[in-house]
Protein chains: 2
Amino acid sequence: MRKIKHPTIDQVELTDIMYALSDPTRLEIVELLGKTGRKMTCGELDLNRPKSSMSHHFKILRSAGLVETVIDGTEHMNSLRIAEIEVKFPGVLSAVLKVRAS
Amino acid sequence: MRKIKHPTIDQVELTDIMYALSDPTRLEIVELLGKTGRKMTCGELDLNRPKSSMSHHFKILRSAGLVETVIDGTEHMNSLRIAEIEVKFPGVLSAVLKVRAS
DNA sequence: ATTAATGTTCGAATATAATCGAACTATAGA
DNA sequence: TCTATAGTTCGATTATATTCGAACATTAAT
């Protein structure tokens, strides 16, 4: 496990994004990543759930194209792919973030 | 079966809306309702699927608060609850509709 | 080399959802 | 009243997701 695979932006489907955002835990992760605007480790994003459960949710966020994870030492740094997603699906993710921020 | 129950707008959750929109068939229904902007019967919205399957999807769209159905004779007229949803979750549904329209 | 830290993957249990035929309900029209 | 129409509900099948402990992999530090 050296590098994590992500879909390219043209492979990202709107339904997958909707699905990823339909889980409260995942929506909260996305909200936190959007709020801080920086890369965060899974640890920082911990929501009182077992590691394996969190890992599962990150996997879905990644495969939906919402989150990018790069490995840095033992840590996995996660960030929102907001710029790309806003180009492909203008207004969708930003509106969700705005709603959740208020 | 006289009148169909819908959630009030304050009962509507963002995650339920996301979930409802994560299915291609349902997203297509929403897209058609948004595009025409008028009430449409389930028949008009038929997507080559059995009635019972379509009914299932409408049920989910209704319970998510996305669609309102009023009975008119033997027909069930469906419309998007876009005005209410835009007040509660500004920009979300409109962005999805815009993306799908393009 | 050991040990610790950070996540992933596996595997199995449980839960939720999709699908669709068949039976049903409600209304309209002849 | 009989029949047609529009859609829902039931029920059973199949498929997909969630959950989380335990084992594993990778890197860092001692």
Side-chain angles (χ1 to χ4, degrees), chain A residues 1-7 13 15-30 32-33 38-80, chain B residues 1-7 13-30 32-33 36 38-80:
Chain A
M1 183 198 325
R2 222 159 176 63
K3 195 148 182 276
I4 289 182
K5 259 190 61 181
H6 298 86
E13 303 254 18
T15 47
D16 292 335
I17 289 185
M18 295 294 116
Y19 179 70
L21 296 176
S22 73
D23 178 272
T25 301
R26 291 193 292 262
L27 188 51
E28 201 170 342
I29 293 170
V30 167
L32 286 169
L33 288 174
R38 55 187 181 78
K39 293 191 197 319
M40 299 176 80
T41 65
C42 302
E44 278 184 288
L45 290 159
D46 198 7
L47 303 172
N48 298 63
R49 275 177 178 75
K51 287 192 304 175
S52 55
S53 299
M54 291 302 285
S55 186
H56 165 74
H57 288 304
F58 275 106
K59 190 176 186 178
I60 288 173
L61 287 169
R62 255 179 249 124
S63 68
L66 276 168
V67 165
E68 183 180 32
T69 306
V70 296
I71 300 179
D72 175 21
T74 63
E75 293 182 329
H76 291 205
M77 305 304 295
N78 302 286
S79 54
L80 259 195
Chain B
M1 187 197 324
R2 207 147 194 72
K3 195 149 182 277
I4 289 182
K5 260 190 62 181
H6 299 85
E13 304 254 16
L14 185 56
T15 47
D16 293 334
I17 289 186
M18 294 294 115
Y19 178 70
L21 296 176
S22 73
D23 178 273
T25 301
R26 291 194 293 263
L27 188 51
E28 200 170 341
I29 293 171
V30 166
L32 286 169
L33 287 174
T36 66
R38 55 185 180 77
K39 293 191 199 318
M40 299 176 81
T41 64
C42 302
E44 277 185 288
L45 290 159
D46 199 6
L47 303 171
N48 299 60
R49 275 179 177 74
K51 287 192 305 174
S52 55
S53 299
M54 291 302 284
S55 186
H56 165 74
H57 287 305
F58 275 106
K59 191 176 185 177
I60 288 172
L61 288 170
R62 255 179 250 126
S63 67
L66 276 168
V67 165
E68 182 179 32
T69 306
V70 296
I71 300 179
D72 176 20
T74 63
E75 293 182 329
H76 291 206
M77 304 304 295
N78 302 286
S79 55
L80 258 195

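Computed over heavy atoms, backbone and side chain alike; hydrogens, waters and symmetry mates excluded. The chains referred to below are lettered A, B, ... by the order of the sequence lines, with proteins before strands, and numbering in each begins at 1.
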State, to 0.1 Å, how close L45(A) and L33(A) come at their nearest heavy-atom pair, and which atoms those are.
CD1-CD2, 4.0 Å
Starting from C1' on dT19(C), measure out to CG on N48(B) and report it in whole angstrom.
15 Å
Should the pair R26(A) and Y19(A) be classed as cation-pi, given the thresholds of under 6.0 Å to the six-membered ring centre and 45° from the axis?
yes
For a quick test of reading the model: is some side-chain N or O of R26(B) closer than 4.0 Å to OP1 or OP2 of dA18(C)?
yes
State whether Y19(B) places a side-chain N or O below 4.0 Å from either non-bridging phosphate oxygen (OP1 or OP2) of dA17(D).
no
What one should report as the nearest heavy-atom pair of A20(B) and L66(B) is CB-CD1, 3.7 Å
Toward the 5' end of DNA chain D, which comes first, R49(A) or T74(A), by nearest nucleotide?
R49(A)
L47(A) vs E28(A) side-chain heavy atoms within contact, under 4.5 Å:
yes
Mark yes or no for whether N78(A), through its side chain, and T69(A), through its backbone, hold a donor-acceptor pair below 3.5 Å.
no
Tightest non-hydrogen contact, residues R62(A) and I4(A), listed as CD-CG2, 3.5 Å
Please report the distance, rounded to the nearest Å, between CG in D23(A) and P in dT16(D).
19 Å
Calculate the interatomic distance between E75(A) atom CD and dA28(D) atom P; express it in whole Å.
10 Å
With axes from five pairs an end, tell me the bend angle of the helix from dA1(C)-dT30(D) to dA30(C)-dT1(D), nearest 10°.
20°
Euclidean distance, atom CD1 of residue I29(A) to atom P of dG7(C) [Å, nearest integer]:
12 Å
Distance check needed: dT26(D) C1' versus H76(A) NE2, whole Å only.
8 Å
If I compare all heavy atoms of I71(A) with all of G73(A), which pair ends up nearest, and what's the gap?
CG2-O, 3.5 Å
E44(B) CD - dG7(D) C1' separation (whole Å):
14 Å
Any heavy-atom pair between the side chains of C42(B) and M54(B) that's under 4.5 Å?
no
To the nearest angstrom, the NZ-C1' distance between K51(A) and dC10(C) comes to 14 Å
Whole-Å distance separating the CD1 atom of I4(B) from the C1' atom of dT25(C)
12 Å
Tell me whether E75(B) is salt-bridged to K39(B), with the criterion being a basic N under 4.0 Å from an acidic carboxylate O.
no
Heavy atoms within less than 4.0 Å of DNA chain C: which residues of residues 53-69 of chain B have one? Give them sorted by number.
S53(B), H56(B), H57(B), I60(B)
